[in-house]
Amino acid sequence: MTSALNDIAASIRTIPDYPKPGVQFRDITTLLGNARAFRRTIDELVQPWAGAKVDQVAGIEARGFIIGGAVAHQLSAGFVPIRKKGKLPFDTVSMSYALEYGTDEMEMHVDAVGKGDRVILVDDLIATGGTAEGAVKLLRQRGAIVEAACFIIDLPELGGAAKLRALDVPVRTLVTFEGH
């Protein structure tokens with residue numbers, strides 16, 4: 001791991017037993033509050049696509065909005081918010097996705113992406129991959145080409161990155177934490 005990635009990993013706070021016993025919650029608010037680590041994170045996420053044609057960056061509610069907005073700015077791309085059902089004010093399209101226990105729905109505006117738009121999906125963390133998988137399917141439903149999915153953190157034991165790769169979506173993560 002490079003020194004930049006070590007700095008990023010060190011800026012993430014781990015909160016044991018949250019939201020339930022046995023879970024190690026990876027809190028990026030400490031990373032966001034550290035200007036140097038935040039800048040390095042965005043630079044690392046953007047690097048593979050610097051100079052490439054990216055039309056939109058899609059961010060998953062809520063931390064994906066923060067990261068995705070900064071990535072979109074750096075790539076001179078638009079930003080697409082993917083939100084929980086009922087939160088967007090205009091006509092929407094929705095997609096159900098699997099949670100650890102049950103399902104939920106996410107939405108985006110019907111005109112958020114166009115056919116053939118090149119999109120990068122962004123969120124803070126990939127765990128089981130249900131939310132990210134739903135977001136990929138939602139974007140593709142509207143004709144977008146999902147160039148990649150980018151996350152600060154990967155929890156590989158939970159299999160989410162592998163699930164996206166099975167959908168032919170390249171996955172970029174910056175740091176890996178064992179366990180969940």
Side-chain angles (χ1 to χ4, degrees), residues 1-9 11-12 26 28-84 87-90 92-93 95 97 106-127 129 131-155 160-161 163-165 167-176:
M1 191 182 296
T2 68
S3 67
L5 297 181
N6 280 328
D7 288 349
I8 291 168
S11 70
I12 298 168
R26 308 305 175 168
I28 68 159
T29 61
T30 47
L31 179 148
L32 298 173
N34 177 329
R36 183 175 178 204
F38 186 35
R39 176 65 191 207
R40 282 188 154 178
T41 298
I42 300 307
D43 289 347
E44 289 289 331
L45 289 173
V46 166
Q47 186 273 326
W49 294 277
K53 181 176 176 359
V54 175
D55 299 301
Q56 304 284 350
V57 173
I60 299 172
E61 186 173 352
R63 290 174 297 276
F65 290 3
I66 299 164
I67 304 303
V71 169
H73 172 77
Q74 289 299 101
L75 293 174
S76 297
F79 178 76
V80 176
I82 297 179
R83 301 208 62 189
K84 293 179 179 172
K87 300 287 186 178
L88 293 170
F90 186 63
T92 60
V93 291
M95 178 68 59
Y97 62 97
M106 65 179 70
E107 297 179 323
M108 70 180 183
H109 285 138
V110 295
D111 59 357
V113 296
K115 186 171 174 58
D117 278 0
R118 297 166 56 109
V119 178
I120 295 174
L121 179 66
V122 177
D123 204 359
D124 65 324
L125 178 139
I126 182 81
T131 306
E133 181 182 25
V136 166
K137 290 177 179 177
L138 184 61
L139 291 161
R140 286 179 171 170
Q141 173 187 321
R142 301 304 295 167
I145 299 164
V146 181
E147 294 288 331
C150 300
F151 307 91
I152 300 168
I153 301 166
D154 182 17
L155 304 178
K163 198 179 282 187
L164 292 183
R165 288 183 184 108
L167 293 173
D168 293 321
V169 175
V171 176
R172 176 166 174 75
T173 61
L174 302 182
V175 297
T176 300

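Every value quoted in this text rests on a predicted model; they were computed, and no experiment measured them.
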**Prompt:** Under the 3.5 angstrom rule, does the side chain of E61 hit a backbone N or O of K84 as a donor-acceptor pair?
**Reply:** yes

**Asked** Does R142 use its side chain to pair, donor to acceptor, with the backbone of D111 at less than 3.5 Å?
**Response** no

**Asked** Got D124 and F151 here, is their nearest side-chain heavy-atom distance under 4.5 Å?
**Response** no

**Request:** Search all heavy atoms of L164 against all heavy atoms of V136 and return the closest pair with its distance.
**Result:** CD2-CG2, 4.1 Å

**Item:** pair V119-V80: side-chain heavy atoms closer than 4.5 Å
**Value:** no

**Complete:** Tightest non-hydrogen contact, residues V54 and A77, listed as O-CB, 3.5 Å

**Prompt:** Is the shortest heavy-atom distance from the side chain of Q74 to the side chain of I42 under 4.5 Å?
**Reply:** yes

**Asked** Considering only heavy atoms from C-beta outward, does the side chain of I12 approach that of I152 to under 4.5 Å?
**Response** yes

**Item:** Atom pair CD1 (I8) and CD1 (I28), whose distance is rounded to the nearest 0.5 Å
**Value:** 11.5 Å

**Complete:** d(K53 NZ, R118 CZ) to nearest 0.5 Å is 7.0 Å

**Asked** Does T30 use its side chain to pair, donor to acceptor, with the backbone of S11 at less than 3.5 Å?
**Response** yes

**Item:** side chain to side chain contact (heavy atoms under 4.5 Å, CB included) evaluation trace for R26 with V175
**Value:** CA-CA 11 Å; R26 308 305 175 168; V175 297; over 6 Å; no

**Item:** Working for side chain to side chain contact (heavy atoms under 4.5 Å, CB included), residues L138 and M106
**Value:** CA-CA 8 Å; L138 184 61; M106 65 179 70; 4.0 Å; yes

**Asked** Nearest 0.5 Å, what's the CG-CD distance between L174 and Q47?
**Response** 10.5 Å

**Asked** Yes or no on side chain to side chain contact (heavy atoms under 4.5 Å, CB included) for L167 and V146, after CA distance, side-chain angles and deciding distance?
**Response** CA-CA 10 Å; L167 293 173; V146 181; over 6 Å; no

**Asked** Hey, what do you get for OG1 (T92) to CD1 (I82), rounding to the nearest 0.5 Å?
**Response** 12.0 Å

**Request:** Verify, without hydrogens or angle tests, whether D123 (side chain) and G64 (backbone) share a donor-acceptor contact under 3.5 angstrom.
**Result:** yes

**Prompt:** So, do F38 and I66 sit near enough that their side-chain heavy atoms are less than 4.5 Å apart?
**Reply:** yes

**Item:** Side chain to side chain, K137 and Y97, heavy atoms closer than 4.5 Å
**Value:** no

**Message:** Any heavy-atom pair between the side chains of L32 and I67 that's under 4.5 Å?
**Reply:** yes

**Pair listing, salt bridge (charged side-chain N to carboxylate O under 4.0 Å, His left out) test, anchored in residues 40-50, at least two apart** = D7-R40, R39-D43, E44-R172

**Prompt:** Of all heavy-atom pairs between H109 and P89, which one has the smallest distance, and what is that distance?
**Reply:** NE2-CD, 3.5 Å

**Fill in**
Closest non-hydrogen contact found for A72 with F79 is CB-CB, 4.2 Å

**Asked** Rounded to the nearest 0.5 Å, what separation is found between the OG1 atom of T29 and the CG atom of N34?
**Response** 11.5 Å

**Request:** Write down the atom of G116, the atom of I145, and the distance for their closest heavy-atom approach.
**Result:** O-CD1, 3.7 Å

**Message:** Nearest 0.5 angstrom please: L139 CG to M95 CE, how far?
**Reply:** 9.5 Å

**Fill in**
Scanning both residues in full, the closest heavy-atom pair of G59 with F65 reads O-CE1, 3.3 Å

